[in-house]
Amino acid sequence: MLQRAAPNCGRQPKETMVAFDMESAFRSDLPAAAGEWKPPPDFGFVGGHNDADSIPFAGLAEAAVSALRREGQALATYNLGGSPLGYEPLRQFVADALGTRAAINCDLDEILITSGSLQALDLVNEALLSPGDTVIVEQATYGGMISRLTQRGVNVVGVALDDDGIDPDDLAAVLERLAAEGTTAKYLYTIPTVQNPTGSVLPIERRRRILELAREHEVPIFEDECYADLLWGADRPPALRALDEDNGQVIYCGSFSKSIAPALRVGYLVADPSVIRQLLALKTDAGTGALEQLTLAEFAPTHFDDHVERLTQTLQAKGEAMVDALRHEFGDSVEIVPPQGGIYVWVTFPEGVDTSALVEAAAKVGVEFNPGAGWSADAVDGSRRLRLCFGQPDHDTIRAGVAALAEVVRAETDIGV
Ligand SMILES: Cc1ncc(COP(=O)(O)O)c(C=O)c1O
């Protein structure tokens with residue numbers, strides 16, 4: 001079969017026909033191929049992009065220059081000639097910041113720098129999961145994790161959330177039910193501080209109760225604190241990993257994607273040294289990008305706190321603008337719980353609305369959002385919800401985009417907004 005070559009990005013599509021059918025050599029169980037890249041729409045509320053005006057590029061440039069002048073020759077060696085766990089000054093910064101911000105007390109051999117926290121998710125999944133295993137997740141959770149679990153043939157079980165995060169009574173019920181079926185979940189995946197997508201923060205009493213339940217049922221916890229630095233609505237409670245310090249039942253991950261810049265692709269895992277060494281054995285990329293690590297290690301010790309404080313204020317104002325716009329356009333016909341931090345608003349429509357069915361009409365007026373089904377353990381429950389990211393658009397775009405979305409909802413549903 002003749003194959004048409006993929007178009008060249010940014011140039012005229014190549015009309016060349018290639019003779020060899022490469023696709024017939026592919027494994028039969030691959031996910032669908034990636035779609036063609038499209039420029040962002042007018043009202044792009046999808047993904048986890050950040051505020052462009054807040055990117056500290058001047059400080060990063062200075063940091064990169066000074067780190068390169070000092071240590072540039074180390075680029076001649078993989079891992080800059082140092083530990084494959086990551087550039088030591090960066091691991092030191094992560095250890096210090098986690099101590100101050102999340103009450104995590106960790107040594108450098110408990111930290112593995114990863115290529116974004118997505119790689120952290122992949123490493124943990126690779127180490128722990130086989131097809132047919134069960135993982136407990138928050139009923140609404142990170143779509144990137146749900147798709148990863150599904151692709152591995154893992155059984156995803158949701159636990160109820162309320163405005164304060166996981167409902168411990170429901171977690172107890174889920175664990176009992178699984179035990180009665182003879183199943184021990186491979187882990188509980190949770191985003192306790194600035195939950196994605198709900199923006200909630202799990203109070204300390206619930207953290208303690210969840211740890212108790214996890215210990216009782218011998219279920220590991222995978223704690224994802226990707227957004228925890230971007231918190232404005234509450235004080236940051238100690239991480240589950242901090243509360244479990246001497247027990248070793250929690251694997252923790254974090255990221256510089258949301259606090260500095262997603263395109264840098266730098267995240268980190270924190271776990272006991274033996275676990276970290278096992279995860280390192282699965283990390284086959286010969287090291288996370290050295291330039292990013294050098295730059296962050298130079299920039300962060302003196303600039304991270306001030307930068308994050310300013311960024312958080314900017315995001316809080318955008319978040320409030322989005323909640324105001326939603327209330328203005330939709331009134332009481334949707335449920336919104338204002339986020340306590342981060343970059344998302346999770347919107348719940350009345351029963352009967354299927355937000356996936358709105359995607360096409362919304363795209364026609366330049367609005368993109370994440371339909372709730374992909375962000376929910378129970379896709380049916382999630383189908384009347386959607387996630388909007390306010391990190392990237394400015395205030396005017398937020399207002400105009402939410403108004404355009406409301407027009408679509410008016411035209412496509414009978415909820416009468
Ligand atoms: C909860 C959560 N974890 C992990 C990630 C991955 O982020 P990154 O790989 O950019 O660190 C995201 C991205 O949006 C996320 O929302």
Side-chain angles (χ1 to χ4, degrees), residues 44-51 55 86 90 94 97-98 102 111-126 135-149 151 156 158 161 165-166 187-202 221-231 239-241 250-270 279 283 285 288-289 292-293 296 300 308 311 315 319 339-346 368-370 372 374-377 382 386-392:
F45 300 138
V46 291
H49 306 302
N50 215 320
D51 179 58
I55 297 299
L90 184 59
V94 169
L98 288 178
I111 300 174
L112 172 61
I113 302 293
T114 54
S115 304
S117 57
L118 278 175
Q119 188 182 44
L121 305 191
D122 287 336
L123 294 175
V124 170
N125 288 343
E126 187 65 16
V135 167
I136 303 174
V137 302
E138 289 149 347
Q139 167 50 32
T141 189
Y142 175 42
M145 184 52 129
I146 295 182
S147 56
R148 278 171 164 69
L149 295 174
Q151 215 172 310
V156 178
L161 288 173
I166 288 184
Y187 64 78
L188 161 68
Y189 172 68
T190 175
I191 313 164
T193 312
V194 187
Q195 209 268 348
N196 177 3
T198 62
S200 66
V201 177
L202 191 74
I221 294 180
F222 185 11
E223 176 177 33
D224 184 342
E225 285 220 316
C226 188
Y227 299 91
D229 290 315
L230 307 178
L231 179 61
L240 290 160
R241 169 124 189 121
V250 180
I251 299 178
Y252 178 97
C253 79
S255 179
F256 287 99
S257 283
K258 314 301 169 176
S259 53
I260 305 278
L264 287 176
R265 310 310 303 135
V266 181
Y268 45 89
L269 271 161
V270 183
L279 297 174
K283 188 174 185 285
D285 60 3
T288 292
E292 294 83 342
Q293 294 192 68
L296 280 172
V308 164
L311 172 62
L315 293 176
Q340 310 248 30
I343 51 178
Y344 307 114
V345 182
W346 185 235
E368 271 187 8
F369 60 85
N370 291 117
W375 260 253
S376 302
L386 59 81
R387 190 189 76 159
L388 299 171
C389 177
F390 54 79
Q392 190 180 29

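Counting convention: from 1, in listed order, for ligands and their atoms alike.
With hydrogens and angles ignored, the 3.5 Å screen pairs a side-chain donor or acceptor of T114 with a backbone N or O of G267. Remark: the backbone N or O of V46 is not paired with any side-chain donor or acceptor of N370 at under 3.5 angstrom.
Note: F222 and Y187 have perpendicular aromatic rings, judged against thresholds of 30 and 60 degrees for the angle between ring planes.
The shortest heavy-atom contact between E292 and L264 is CG-O, 3.2 Å.
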I'd like to know whether D285 forms a side-chain hydrogen bond (donor to acceptor under 3.5 Å, both in side chains) with S115, so could you lay out the CA-CA distance, the side-chain angles of the two residues, the decisive distance to 0.1 Å, and finally the verdict. CA-CA 9 Å; D285 60 3; S115 304; 3.1 Å; yes

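Side-chain contact annotation: E138 with T190, donor-acceptor N/O pair under 3.5 Å present.
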May I have a table of the N/O to N/O pairs between ligand 1 and the protein that fall below 3.5 Å, each row giving the two atom names and the distance to 0.1 Å?
from: ligand 1; atom 1: 3 (N); to: D224; atom 2: OD2; distance (Å): 2.6
from: ligand 1; atom 1: 7 (O); to: S117; atom 2: OG; distance (Å): 3.3
from: ligand 1; atom 1: 9 (O); to: S117; atom 2: N; distance (Å): 3.0
from: ligand 1; atom 1: 9 (O); to: L118; atom 2: N; distance (Å): 2.9
from: ligand 1; atom 1: 9 (O); to: R265; atom 2: NH2; distance (Å): 2.8
from: ligand 1; atom 1: 10 (O); to: S257; atom 2: OG; distance (Å): 2.5
from: ligand 1; atom 1: 10 (O); to: R265; atom 2: NH1; distance (Å): 2.7
from: ligand 1; atom 1: 11 (O); to: S117; atom 2: N; distance (Å): 2.8
from: ligand 1; atom 1: 11 (O); to: S117; atom 2: OG; distance (Å): 2.7
from: ligand 1; atom 1: 11 (O); to: S255; atom 2: OG; distance (Å): 2.6
from: ligand 1; atom 1: 11 (O); to: S257; atom 2: OG; distance (Å): 3.2
from: ligand 1; atom 1: 14 (O); to: Y227; atom 2: OH; distance (Å): 3.0
from: ligand 1; atom 1: 14 (O); to: K258; atom 2: NZ; distance (Å): 2.9
from: ligand 1; atom 1: 16 (O); to: N196; atom 2: ND2; distance (Å): 2.8
from: ligand 1; atom 1: 16 (O); to: Y227; atom 2: OH; distance (Å): 2.5

